[in-house]
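Quick note on labels: first sequence line is chain A, next is B, and so on, each numbered from 1. Quick caveat, the model's predicted, so the values are computed rather than measured. Heavy atoms only: backbone and side chains are in, while hydrogens, waters and symmetry mates are out.
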2 protein chains.
Amino acid sequence: MAATIKDIARKIGVAPSTVSRVLSNKPGVGPAMTERIRKVAKELGYKKNRAAVELVKQRSNVIAAVVSSVKTSFSGQIIDGIQAEAEKNGLNLIIVYSHSADPVEQKKALLTVIERPVRGILLLSIALAADNVALLQESQIPFCFLSISLDDPALPFVSSDDWQIGYQTTQFLLNKGHRKIGLAAIDKYPYTGRLRLAGYRQALKEAGILPRDQWVQLGDYSYAAGKQAMVNYGAHTELTAIIAGSDAAGVGLLNQARILGLKVPDDISILSIDGTEMCEMVQPQLTSISQDFYKMGIEGVKYLQSIEMHPAAKKIQQEYTPVQIVERQSINNLTNN
Amino acid sequence: MAATIKDIARKIGVAPSTVSRVLSNKPGVGPAMTERIRKVAKELGYKKNRAAVELVKQRSNVIAAVVSSVKTSFSGQIIDGIQAEAEKNGLNLIIVYSHSADPVEQKKALLTVIERPVRGILLLSIALAADNVALLQESQIPFCFLSISLDDPALPFVSSDDWQIGYQTTQFLLNKGHRKIGLAAIDKYPYTGRLRLAGYRQALKEAGILPRDQWVQLGDYSYAAGKQAMVNYGAHTELTAIIAGSDAAGVGLLNQARILGLKVPDDISILSIDGTEMCEMVQPQLTSISQDFYKMGIEGVKYLQSIEMHPAAKKIQQEYTPVQIVERQSINNLTNN
DNA sequence: CTGAAAGCGCTTACAG
DNA sequence: CTGAAAGCGCTTACAG
C-alpha cells in the first residue's frame, strides 16, 4: 500500500539502488536524477521503512530511556537533558516506561527496547532485578543507569552521590544548631535510600549523636509518604529538623506539620532532597539540596557515545554529578550568630 | 554476533521455520522439539530481531505517544491511562517527545514514529502544524489527539470541552457573587485557550458583564505566566476572582498575590484549571475544575483499537471527557447565603 | 554515474 | 509434525 523504493524506481525506469542512494543521501547520483527521484518520492508520499533499514544496517539512530515514572518533575529534567544531548548527536530518543518494580514488568519494558537495534539504553532511577541486569548485559547494547548509583563496578551510572546527600544535609542542619534530626520518606532497600541513611548516620555519629529509631521514617518518596512520616513523628516530636526524601515528601511534611499545629521553620525545620521548582511554589519555600538532573541526562548520553567510539575500552563509568544546598525559607538557625 | 534463528536451527539440525514457529508461539511443533528449541535459544541468549519481524509482518504491537512536555503532571496522568489500556490489549507503548512548537522539530518526532509500523499514534496536547497533520494522515496510521480539541471534523480527539471549562468556571464564580473575574495564563491562538476564552466571555455576557481587556492576561500556562499575570493585575486590581489556565499558573497567581499583599481568598479568589495533586499541596488549597486525564488516555487507546477493528468505518471520534469543579479553599463566597 | 545481485532475520503459505 | 522456498523493503559491495 505505502510506496516503496521499487515503486519509485519502476515509475522512473531506474534501478532501486539508485533510488536508495538518493533517498538515503548517499553521493554518486547525478543532480538531474536526484531531483527527479526526490520529486516522485514526494508525489508518492514515500515513507522510509525503518524496519527494513534497521534490518540491513543492524543499527539505528535511536537511544532509549526506560523510566519508572513520568510523574515526577525530576525525571522530566533528566529527559530534557537526554533529549538535548541526543539531538546534538543526531540521535532520536524513545521513552518506554516501567512503573512497577515487578521484574516481569521490567523485563517487558526492557525487551521492547532490547529487541531493536537501539544505540544505547538509559535507565532512570530504576532498580533492576538481577535477572534483568543480566538480560541487559547479554544484549550487548551500551547502557547506563541514571539517578541511581550501584555498588557493582560492572554497572555504569551517572548519579548524585547519595551518601553525600545524607551526609551534607545532616551536617548543614548540625551547623545550624540542630541536634535531633529526622530523615523521612526514603526507601530502605534500594541503594539510594540506604546510602542517604548511611551518610546521615555518619554525620550524626561524628557529632556524637545517636539517632533514635523513630527519627527515621521509611517511605516511598511521595507526598503521601511525607505526610505519613509527619503523622508518625507527631505534634510533640523531639525533632527540630527533618530531611525529606524528595521535594514532594517535603511538602507533605510541611502540610502535615501545619495540620499538627507546627510552624515551619519556627517549630520544625524541613530540608528537602531534589530541589525542583516545587520548592519555590510552596509557602514557606523549601530549602533543599539540589541535584543536577539535567546534567545526568547529558552525561548519560555522552557516556553511551563514548562506548560506541571505543567499544574495546569497555570503560565502565561511574560518575557523580554535583549537589548543592539551596537555602530558602524552611530552616531555622538555632545558633546565636 | 547475536544468535539468530538460523544459528539455533543449525545447532539442532532442524529447519529455521521450525525454530521460528516455536519462538513465535505458533502451533504445530512437537513438544519434545519445542522444548529442545527453547532450551537452545536460551543457551545462545537468543533475542528476537524486531526489525525483521516488523518487516515481514508489516505491523508491530507498539503504539506511540507524542508528548509536548514530560514535565507537567497531567501528561503523566494521560500516559498512565494509555499505558494501562495498552497493556490490557497486549500493546507496548513508546513515547517520543517534541517539546517545541517548531514544525521542523515536530516533523522529526512524527517521523521517528511514522517510519515504523506502529499500530497507532496518540498526540498529547500538541498543536500540530498543518503540514504535519497532512503527514500524519498520509501515513495511514490510526491517530488521535488527546487533551486538545480541534474544529476540523476529520481530526479525532479525546479532550475536555474547553469552552465548557471557560463557561462553567465563570458561572461558578458568578454564582459565588463575583462580577469582576479575570482569566490568566491562557494561550490565545491554540484552540484550548481560544475556547476557554469564548466560554468565559459567554458566561459573563449572559450575566450582563462586559469584561475589560486587562481582565484577560495571556500566557503559556506556566507558573511564571501565573506570576506575571498577577503582576500585571497589580495590588489594586478591581478583580475579585481569577481563573488560572493551569494549576501551576494558579500557584503562580497565589504566590504573587501574597507578595502583593493580597490574601487568598479574602482579597482575591483563584480557581485553577486541571485539578492535579498540586492543588492540594499549596496553602490555601486551590479550588479547581478537574479534568479526567487518565480517562483521556484510556479512551484514546480504545479509539485506536476500534479503528483497527473496523478500518472501513473510518469513524472520526471527537469525544469529551467530563470535567468537575472541586471546591477547596481558594474561593470566597460573596453572596449572603 | 548507474545497475544487478546478494543479503539482513524473520514468517508463512505450500508441500509432504 | 517438519522442511524448502519466497519474500518483506531496504543497502551495499561489485561491476561496468
Nearest listed nucleotide, side chain of Thr4(A), among dA4(D), dC10(D), dC8(C): dC10(D)
Side chain of Val14(A) - closest among dG3(D), dC1(C), dG3(C): dG3(C)
Can you tell me how far the [atom1] atom of [X] sits from the [atom2] atom of [Y], to the nearest 0.5 Å?
{"X": "Arg59(B)", "Y": "Asn61(B)", "atom1": "CZ", "atom2": "CG", "value": "8.0 Å"}
{"X": "Asp162(B)", "Y": "Ser147(B)", "atom1": "CG", "atom2": "OG", "value": "7.5 Å"}
{"X": "Tyr303(A)", "Y": "Gln318(A)", "atom1": "OH", "atom2": "CD", "value": "9.0 Å"}

Within this structure, what is the [atom1]-to-[atom2] distance between [X] and [N], rounded to whole angstrom?
{"X": "Glu54(B)", "N": "dG7(D)", "atom1": "CD", "atom2": "C1'", "value": "17 Å"}
{"X": "Leu44(B)", "N": "dG9(C)", "atom1": "CG", "atom2": "C1'", "value": "15 Å"}
{"X": "Leu55(B)", "N": "dA6(D)", "atom1": "CG", "atom2": "P", "value": "18 Å"}
{"X": "Lys6(B)", "N": "dG3(D)", "atom1": "NZ", "atom2": "C1'", "value": "15 Å"}
{"X": "Arg10(A)", "N": "dG3(C)", "atom1": "CZ", "atom2": "C1'", "value": "16 Å"}
{"X": "Arg36(A)", "N": "dT2(C)", "atom1": "CZ", "atom2": "P", "value": "11 Å"}
{"X": "Asn49(B)", "N": "dC8(C)", "atom1": "CG", "atom2": "P", "value": "12 Å"}
{"X": "Met33(A)", "N": "dC1(C)", "atom1": "CE", "atom2": "C1'", "value": "11 Å"}

Counting Watson-Crick and G-U wobble pairs with both distances under 3.5 Å, what is the dot-bracket string for DNA chain C, 5' to 3', using [ ] for crossing pairs and | for pairs to another strand? |||.||||||||.|||
Between the side chains of [Y] and [X], is the shortest nitrogen-to-carboxylate-oxygen separation below 4.0 Å, so that they form an ion pair?
{"X": "Glu35(A)", "Y": "Lys39(A)", "value": "no"}
{"X": "Glu138(B)", "Y": "Lys47(A)", "value": "yes"}
{"X": "Glu319(A)", "Y": "Lys302(A)", "value": "no"}

Ignoring hydrogens, what is the shortest heavy-atom contact between Ile5(A) and Pro16(A)? Give both atom names and the distance.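 Distance-wise, the nearest heavy atoms are CG2-O, 3.6 Å.
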For Leu128(B) and Phe145(B) the tightest heavy-atom approach is CD2-CZ, 4.0 Å
Identify whether any heavy atom of Gly30(B) sits under 4.0 Å from a base atom; if not, whether one sits that close to sugar-phosphate; answer base, sugar-phosphate or nothing.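 Touches sugar-phosphate only.
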For each nucleotide in nucleotides 11-16 of chain C, reading 5' to 3', give B when a protein heavy atom comes within less than 4.0 Å of its base, S when such contact involves only the sugar-phosphate, and - otherwise. BBB---
Any donor-acceptor pair under 3.5 Å linking the side-chain atoms of Tyr191(B) with those of Asp151(B)?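 Yes, side-chain donor-acceptor contact under 3.5 Å.
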